[in-house]
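Data first, discussion second: the structure below is written as structure tokens.
Every value quoted in this text rests on a predicted model; they were computed, and no experiment measured them. We name chains A, B, ... by the order of the sequence lines, and we start the count at 1 in each one. Atom set for the values below is all heavy atoms of this structure, side chains included, hydrogens, waters and symmetry mates excluded.
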Amino acid sequence: MDRNKISKWLKEPDKMSGKYSLWALYFCTGCGIIEVPPVLTSRWDAERFGVIPVATPRQANLFLITGYVSVKTLRAIIRSYEQMPEPKYVVGFGSCPINGGMYWDSYNTIKHLDKYIPVDGWIAGCPPRPEAIFVAVTHLWTLIDKGMAKGYVKYREKYELYRRNQEKVLGTLEWPPLFPIKDDGK
Amino acid sequence: MAKKEEILNVLKSFRDKGYDHLEMVSCVDRIKENKFEIVYILSSYGENETVILKTAISRENPQIPSAIPVFENAEPYERELHELFGIDFEGHPRLTPLLLERKYKIPPFRKDFDTRKYVKEVFDEIPFIEDKK
Ligand code: SF4
């Protein structure tokens, strides 16, 4: 252990503990999920980086969106995301959630994931190599350290806008708002 | 090529000859000829052979008898075609949405559905959520 870091950790224990216990939600969408099993199992072993897969969103705090997001999947993604306890981080994996990727003119995939939920980091590629996940994870550590991975705070603050966008593409949402919506007459 | 009215009889005769597995029902949009081509793929376990049956129906009035009385497993395929091509299968018990979440004015797999225009009108119109400066 690096003794020089101890004083820093003692000052900000939440960051230190948040960094090294990323619990990734086992949520599969798109073709990028093919890359995730080798990452989690012995070949690349994500546990070295403190990333463990969990089965339910209520135990997770890292959400990997591993590919194109169809309109139907978006509904499931929003539901899962809202159930995750804070602090929570979202990483878009592959070019499809970034801007549509090869599905840029598809009738049924949403193109920009960050219009509907806040995203803390992106991994480009189609699909990215497993190593890219670790680059993303270490990058996420840096962001957490610097207090820049604040997507969940943004979600709380801009919830009306997010909800409005979600309703635009999904029609009615059958669950109540996560945060109170201020009625500003719009 | 079989006639639309006779498709059930043709399917039945093939089934009785041993082509007892309906692999899939599919559709081709022949927009220049103003026709939909419905494709039935049958196979036989005993003979290890595949038969492809085709029939054409008009694009204006896309109706065809459902194949469920002969092959029960046609149900999801026909539902899918109803959703993606807007074909009406007469006698199908539930032509409810199967895969899609949104409503489309033109069923999205028809050739005259303009996906780029649709993307521009729907997905590109949704605003980004800016960070606070
Ligand atoms: S980025 Fe490529 S690999 Fe990933 S979901 Fe899209 S098409 Fe599939």
Side-chain angles (χ1 to χ4, degrees), chain A residues 29 68-79 90 92 96-120 143 147-174 186, chain B residues 24-32 36-39 59 62 75-89 94-133:
Chain A
T29 148
Y68 54 82
V69 179
S70 72
V71 178
K72 212 170 197 167
T73 320
L74 180 66
R75 191 179 285 268
I77 286 180
I78 296 168
R79 290 201 84 151
V90 181
C96 284
I98 302 179
N99 61 2
M102 65 187 275
Y103 296 96
W104 63 279
D105 65 346
S106 155
Y107 62 96
N108 201 29
T109 60
I110 61 146
K111 317 296 168 218
H112 300 270
L113 180 68
D114 51 348
K115 287 178 180 174
Y116 310 98
I117 57 171
V119 182
D120 294 304
L143 291 184
M148 284 162 70
K150 287 275 183 234
Y152 61 98
V153 180
K154 189 177 168 195
Y155 196 63
R156 217 185 302 149
E157 283 167 1
K158 305 266 175 84
Y159 184 66
E160 292 152 63
L161 301 176
Y162 280 113
R163 178 111 179 161
R164 201 179 304 148
N165 278 1
Q166 292 163 3
E167 274 169 353
K168 257 186 215 157
V169 66
L170 289 173
T172 50
L173 304 176
E174 62 266 28
K186 267 182 211 159
Chain B
M24 76 182 278
V25 185
S26 171
C27 176
V28 186
D29 186 358
R30 303 238 177 250
I31 191 164
K32 283 194 192 131
F36 283 124
E37 204 173 272
I38 312 283
V39 184
R59 265 178 125 259
E75 205 247 6
Y77 301 123
E78 293 183 346
R79 249 173 102 190
E80 187 187 3
L81 292 190
H82 174 75
E83 189 169 54
L84 299 177
F85 287 94
I87 291 164
D88 246 337
F89 288 92
R94 50 166 190 167
L95 287 174
T96 47
L98 176 66
L99 303 168
L100 302 184
E101 186 85 351
R102 295 177 61 88
K103 294 251 181 310
Y104 299 87
K105 265 191 220 127
I106 303 175
F109 272 31
R110 289 194 182 185
K111 290 249 169 85
D112 50 0
F113 179 86
D114 189 343
T115 49
R116 289 185 191 173
K117 192 161 142 257
Y118 182 80
V119 168
K120 256 203 196 101
E121 281 170 4
V122 177
F123 298 110
D124 291 354
E125 279 304 293
I126 293 176
F128 280 103
I129 294 170
E130 304 292 338
D131 280 321
K132 252 202 301 251
K133 293 276 148 60

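Rounding to the nearest 0.5 Å places OH of Tyr107(A) at 5.5 Å from CG of Leu84(B). Note that OG1 of Thr115(B) and CG of Asp105(A) are 4.5 Å apart. Values are rounded to the nearest 0.5 Å. Interatomic distance, CG of Asn165(A) versus CZ of Phe123(B), reported as 12.5 Å (0.5 Å rounding). For the atom pair OH (Tyr159(A)) and CD1 (Ile129(B)), the distance works out to 11.0 Å, reported to the nearest 0.5 Å. Atom CD1 of Ile126(B) sits about 11.5 Å away from atom CD of Glu167(A), to the nearest 0.5 Å.
Smallest separation of non-hydrogen atoms from Glu130(B) and Lys158(A): O-NZ, 2.6 Å. When all heavy atoms of Lys72(A) and Leu98(B) are compared, the pair lying nearest together is NZ-O, 3.2 Å. When all heavy atoms of Lys115(A) and Pro127(B) are compared, the closest pair comes out as CG-O, 3.8 Å.
Only the side chain of Tyr116(A) comes within contact range of chain B, judged by heavy atoms closer than 4.5 Å. At a 4.5 Å heavy-atom cutoff, Ser70(A) makes no contact with chain B through either its backbone or its side chain.
Under a 3.5 Å cut-off, the side chain of Arg102(B) and the backbone N or O of Asn108(A) do not form any donor-acceptor pair.
When Leu170(A), Leu74(A), Asp114(A) are compared by the number of non-hydrogen pairs under 4.5 Å with chain B, Asp114(A) comes out ahead.
Under the rule for a ring pair (Phe, Tyr, Trp, His ring centres under 6.0 Å), the partners of Phe113(B) that lie at least two apart in sequence or sit in another chain are Tyr104(B), Tyr118(B).
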